[in-house]
Amino acid sequence: MADLPAHRPGLHRRLRRLRATEGLRLAVADVTIPRHCLIYPIFVSDNQQTTPVASMPGVQQWPVAAALEQMRQWIDLGLTSFLLFGVTPGPRKNATGDYALSPDCPVNRLLALAREADLPATLIADACFCEYTDHGHCGILTADAADPMVVDNDRTLEQLGRLAVAQAKAGAEIIAPSGMMDGGVAAIRAALDAAGFAGTAIMGYSVKYCSSFYGPFREAGGCTLEHSADRPTHRRAYQMDYRRSREWRSELEADIAEGADIVMVKPALCYLDVIRQVRDACCLPVAAYQVSGEYAMLHAASQRGWLDLKQTALESTYAIRRAGADLVISYFAPQILQWRMAE
Ligand code: PBG
C-alpha cells in the first residue's frame with residue numbers, strides 16, 4: 001500500500017467555508033421544493049361531518065362542500081394541485097365498486113363543483129375501486145374465491161375505463177389509477193380517447209410496491225380489506241414485491257408504452273433508490289408518493305418529543321426531491337408552505 005501523504009497543515013480542502021452562514025448555505029443549495037411540485041392528497045366523503053383521521057394528525061375526511069372551501073384556503077396558501085380520494089359508507093359499496101362511476105359520488109361531485117367555481121387548481125382523480133368495493137380489493141374479484149390472483153385484471157380494466165371517463169366528465173384533468181392492474185393505463189387511454197377526452201392526462205402508479213406504510217390510508221380512505229376465510233387480506237397478488245430490485249423497469253416500460261403522461265414511484269422514503277433509477281431511465285415527469293405511513297411515523301415520534309416534525313418532514317421531502325422526483329405527493333404539502341412562510 002502506498003504511503004499516506006504527509007499531513008500539510010492548511011492544505012486540506014475547506015468544505016466548511018460554504019456552510020458558515022445561512023446566506024451561503026442557501027446560495028449553494030441546489031435542491032428545492034417549489035410549491036408547484038407539491039400535490040396534496042385529500043379525502044372527500046359522503047358523511048355530513050368533517051371527520052379527523054386518528055392515525056394522520058391534521059388530515060380529515062371532508063364533506064364535499066367543506067372540501068371546496070378548504071381547497072380555496074389551500075390555494076391561497078400556494079398549493080396548486082390536489083389528488084382526490086373518495087370515502088363512502090358501507091351501504092353504497094358493492095362487489096364491483098359501481099358507486100365510483102356515479103356523478104353523485106363525492107369525488108365526482110367535488111370535481112363538478114370545483115369546475116363550476118373555476119377553482120384555479122389542477123385536479124387529479126384517484127381511479128381505483130378499493131374505496132367503493134364491499135370486499136376492499138382494488139378491482140372486481142375473480143369468479144373462483146380461491147384463485148390466488150384475487151382480482152380479475154381484465155374485467156377490472158373495463159370498469160376502470162368507465163371510471164376514467166366518468167371522472168373526466170366530472171372535470172378531472174389527470175386520472176391516476178392506483179390499483180396496479182396490468183394494462184390499466186392503456187385501458188384508460190383508449191376509453192378516454194373514445195369518449196372525446198384525448199386531452200385528459202394519465203398519471204400512472206407505475207412503480208407501486210406492496211407496502212405496510214399504507215396502513216393509515218386504509219383508515220383515511222375507509223378501505224380496509226374485509227377479513228375473509230377464503231380470500232387474501234393483502235394486495236401482494238397485484239402490487240409489487242419490494243424484494244425484487246429490477247422489476248420497476250418492466251412496470252415503467254409498460255406504463256410508458258401504454259401512454260402514461262406522468263410516472264410514479266410509491267412509497268417514497270424507502271424507495272429513494274428506485275426514484276433515482278426511474279428518473280435516470282426516462283424523460284417523463286416522475287412523481288413520488290410520500291405515503292400515509294411516512295407521514296404518520298414522523299407525527300407519532302414528534303408527539304412523543306422524539307423527533308422534530310418540521311425538520312424531519314423537510315429533510316424527508318428534500319431527500320425525495322434530491323432522489324429525482326419532479327412531483328411530490330405529500331400530506332405535508334400545506335405545512336411545508338406554512339413553515340416556509342413563517343421563515
Ligand atoms: C388504493 C390506494 C392506496 C393508497 C393510495 N391508493 C392503498 C393501497 O394501495 O393499499 C395509499 C396511499 C397512502 O398510504 O398514503 N389503491
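As the structure lists them, so they are numbered: ligands from 1, and atoms in each ligand from 1.
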Within the structure, is a non-hydrogen atom of [X] found at a distance of less than 4.0 Å from ligand 1?
{"X": "Tyr289", "value": "yes"}
{"X": "Arg218", "value": "yes"}
{"X": "Gln290", "value": "no"}
{"X": "Met180", "value": "no"}

Review point. Within 45° of the axis and under 6.0 Å from the centre of the six-membered ring of Phe332, does NZ or CZ of Lys310 qualify?
Key: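 No, cation not above the ring by the 6.0 Å, 45° rule.
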
Exercise for review: Mark yes or no: Lys208 above the aromatic ring of Tyr214, with NZ or CZ under 6.0 Å from the six-membered ring centre and no more than 45 degrees from the axis.
Suggested key: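 Pair Lys208/Tyr214 counts as cation-pi.
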
Check your understanding: Is there any N or O on Glu131 that sits under 3.5 Å from an N or O of ligand 1?
Key ->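 No.
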
Review point. Is any N or O atom of Arg235, backbone or side chain, closer than 3.5 Å to an N or O atom of ligand 1?
Key: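 Such a contact does occur with ligand 1.
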
What atoms of ligand 1 come within less than 4.0 Å of a heavy atom belonging to [X]?
{"X": "Lys208", "answer": "1 (C), 2 (C), 3 (C), 6 (N), 8 (C), 9 (O), 16 (N)"}
{"X": "Ser178", "answer": "1 (C), 2 (C), 6 (N), 16 (N)"}
{"X": "Cys138", "answer": "16 (N)"}
{"X": "Cys130", "answer": "1 (C), 16 (N)"}

Review point. What side-chain hydrogen bond (donor to acceptor under 3.5 Å, both in side chains) pairs are there with at least one residue in residues 281-295, not counting sequence neighbours?
Key: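 As it turns out, the side-chain hydrogen bond (donor to acceptor under 3.5 Å, both in side chains) pairs with a partner in residues 281-295, which skip direct neighbours, are Tyr289-Tyr331, Gln290-Ser330, Tyr295-His299.
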
[X] and [Y]: side-chain donor and acceptor closer than 3.5 Å?
{"X": "Thr142", "Y": "Asp144", "answer": "no"}
{"X": "Asp98", "Y": "Gln159", "answer": "yes"}
{"X": "Tyr99", "Y": "Asn108", "answer": "no"}

For residues 184-207, please give each side-chain donor-acceptor pair under 3.5 Å, one per line with the distance, not counting sequence neighbours.
unit_1: Arg189; atom_1: NE; unit_2: Asp193; atom_2: OD1; d: 3.1
unit_1: Arg189; atom_1: NH1; unit_2: Thr200; atom_2: O; d: 2.8
unit_1: Arg189; atom_1: NH2; unit_2: Asp193; atom_2: OD1; d: 3.0
unit_1: Arg189; atom_1: NH2; unit_2: Phe197; atom_2: O; d: 3.1
unit_1: Arg189; atom_1: NH2; unit_2: Ala198; atom_2: O; d: 3.4
unit_1: Arg189; atom_1: NH2; unit_2: Thr200; atom_2: O; d: 3.1
unit_1: Ser206; atom_1: OG; unit_2: Gly204; atom_2: O; d: 3.3
unit_1: Ser206; atom_1: OG; unit_2: Asp255; atom_2: OD2; d: 2.8

Check your understanding: In terms of side-chain geometry, is the basic nitrogen of Arg109 or Asp104 positioned less than 4.0 Å from the acidic oxygen of its partner?
Key ->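 Looking at Asp104 together with Arg109, the answer is no, because their closest N to O distance does not fall below 4.0 Å.
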
Exercise for review: May I ask you to check whether Trp62 and Phe43 place their ring centres under 6.0 Å from each other?
Suggested key: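 No, too far apart.
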
Nearest protein heavy-atom contact for [atom]: which residue, which atom, what distance?
{"atom": "atom 14 (O) of ligand 1", "answer": "Ser292 OG, 2.7 Å"}
{"atom": "atom 15 (O) of ligand 1", "answer": "Tyr331 OH, 2.6 Å"}
{"atom": "atom 4 (C) of ligand 1", "answer": "Lys266 NZ, 2.8 Å"}
{"atom": "atom 7 (C) of ligand 1", "answer": "Phe217 CD2, 3.5 Å"}

